[in-house]
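Encoded as structure tokens, the structure appears first; notes follow it.
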Amino acid sequence: MHRQDGCIFCRIVSGDAPSHRVYENDLVLVFMDIFPVTDGHTLLITKEHFGDIFEASEAAIAAVASVSVRVAAAIRRELEPDGLGVFQLNGAAAGQTVFHYHMHLMPRNVGGTLALSTRVAGEPERLQEISQRLSAVLAGDA
């Protein structure tokens with residue numbers, strides 16, 4: 001499996017960088033965004049390194065999309081948001097800041113402002129709590 005030196009997401013996949021993991025299979029890893037825009041902001045990444053949609057294989061993109069349906073259902077069940085934003089950005093001009101193919105699932109509530117990123121770190125305890133809740137739902141869903 002291809003990895004990119006210096007890629008934070010590749011380091012998370014290999015276990016060399018910490019994360020609040022929610023779910024994984026052979027192709028996809030799901031974890032909490034360390035800089036959450038909303039409570040429950042989750043990232044789904046390909047385990048293999050692809051810089052963006054233009055490099056990713058159809059199988060890798062399909063795997064992320066398939067897992068996103070299950071994770072979205074878990075978010076809805078556990079966090080009960082009014083809606084869910086699904087974002088996938090490609091290239092700096094589109095707002096991509098980590099150049100490893102990934103999808104954002106952002107729970108949304110009426111009255112909230114729309115933002116795609118923040119540089120404010122989430123509370124580690126809250127990230128861990130949500131990751132455990134979502135993991136439990138997904139484990140029971142399997």
Side-chain angles (χ1 to χ4, degrees), residues 1-4 7-142:
M1 189 170 295
H2 175 69
R3 302 268 195 262
Q4 177 84 27
C7 174
I8 186 61
F9 286 176
C10 287
R11 292 183 59 226
I12 289 171
V13 169
S14 68
D16 293 331
S19 67
H20 298 280
R21 291 175 181 235
V22 172
Y23 173 84
E24 70 181 290
N25 63 26
D26 292 342
L27 300 174
V28 178
L29 175 62
V30 181
F31 56 95
M32 305 308 299
D33 193 313
I34 197 164
F35 299 112
V37 171
T38 62
D39 204 28
H41 181 173
T42 307
L43 297 176
L44 296 86
I45 71 170
T46 55
K47 284 189 167 179
E48 183 169 357
H49 183 86
F50 300 103
D52 57 26
I53 197 169
F54 303 108
E55 294 179 9
S57 69
E58 289 182 22
I61 292 171
V64 168
S66 177
V67 171
S68 75
V69 173
R70 293 185 58 218
V71 176
I75 288 170
R76 182 168 58 182
R77 176 177 162 181
E78 281 301 302
L79 303 178
E80 300 178 339
D82 296 326
L84 182 74
V86 180
F87 300 96
Q88 200 286 303
L89 310 170
N90 298 280
Q96 184 179 10
T97 58
V98 177
F99 297 91
H100 181 122
Y101 184 84
H102 62 287
M103 174 188 288
H104 297 257
L105 296 181
M106 295 181 196
R108 307 286 307 155
N109 288 303
V110 172
T113 58
L114 180 62
L116 296 180
S117 65
T118 180
R119 296 319 295 164
V120 178
E123 295 290 329
E125 299 82 14
R126 182 68 175 153
L127 296 173
Q128 185 63 26
E129 175 206 342
I130 294 172
S131 71
Q132 289 173 340
R133 287 170 59 191
L134 296 177
S135 291
V137 170
L138 290 162
D141 186 31

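- No side-chain heavy atom of Ile34 sits less than 4.5 Å from a side-chain heavy atom of His20.
- Separation of atoms CZ (Phe31) and CG (Leu127) is listed at 11.5 Å; rounding is to 0.5 Å.
- Within the 3.5 Å criterion, the main-chain N or O of Met106 finds no donor-acceptor partner in the side chain of Thr38.
- In terms of heavy-atom proximity, Ala94 sits nearest to Leu89 at O-CD2, 3.5 Å.
- Atom CZ in Arg70 sits 8.5 Å away from atom CG in Asn25 (nearest 0.5 Å).
- Val28 and Lys47 make their closest contact through O-CE, 3.8 Å (heavy atoms, listed as atom of the first residue, atom of the second, distance).
- Between the side chain of Arg21 and the main chain of Ile12, a donor-acceptor pair closer than 3.5 Å is present.
- Taking 4.5 Å as the limit, every side-chain heavy atom of Val13 sits out of range of all side-chain heavy atoms of Glu24.
- Atom CD of Glu129 and atom CD of Glu78 lie 9.0 Å apart (nearest 0.5 Å).
- For the ring pair (Phe, Tyr, Trp, His ring centres under 6.0 Å) test, residues two or more places apart in sequence or in another chain that qualify with His49 are His2, His100.
- Leu84 has its side chain out of reach of Arg76: every pair of non-hydrogen atoms, C-beta onward, lies at least 4.5 Å apart.
- The shortest distance between side-chain heavy atoms of Gln4 and Phe99 does not fall below 4.5 Å.
- When all heavy atoms of Leu134 and Met32 are compared, the pair lying nearest together is CD1-SD, 4.3 Å.
- Arg11 contributes a side-chain N or O that, together with a main-chain N or O of Asp16, makes up a donor-acceptor pair within less than 3.5 Å.
- Checking side-chain atoms of Ser66 against main-chain N and O of Ala63 turns up no donor-acceptor pair under 3.5 Å.
- Within a 6.0 Å radius of CZ in Arg77, other residues, nucleotides and ligands contribute 12 heavy atoms or fewer.
- Using a distance-only test at 3.5 Å, with no hydrogens or angles considered, no donor-acceptor pair links the side chain of Ser135 to the main chain of Gln132.
- Nearest heavy-atom pair across Arg108 and Pro81 is O-CB, 3.5 Å.
- Shown are Leu29, Val30, Leu43; of these, the side-chain contact (heavy atoms from CB on, under 4.5 Å) with His102 is made only by Leu43.
- Taking 4.5 Å as the limit, some side-chain heavy atom of Val86 sits within range of a side-chain heavy atom of Leu105.
- A side-chain contact (heavy atoms from CB on, under 4.5 Å) with Pro107 holds for exactly one of Ile130, Val37, Ile75; it is Ile75.
- In this structure, Tyr101 and Gln88 have side chains that are in contact, with non-hydrogen atoms separated by less than 4.5 Å.
- In this structure, the side chains of His104 and Thr42 stay at 4.5 Å or more apart for every pair of heavy atoms.
- Note: Cys7 SG to Ile45 CD1 = 7.5 Å, rounded to the nearest 0.5 Å.
- Taking both residues in full, the closest heavy atoms of Asp52 and Gln96 are given as CB-OE1, 3.9 Å, listed atom of the first, atom of the second, then distance.
- Within a 6.0 Å radius of CD1 in Ile8, other residues, nucleotides and ligands contribute more than 12 heavy atoms.
- Rounding to the nearest 0.5 Å places CD1 of Ile61 at 4.5 Å from CD1 of Ile53.
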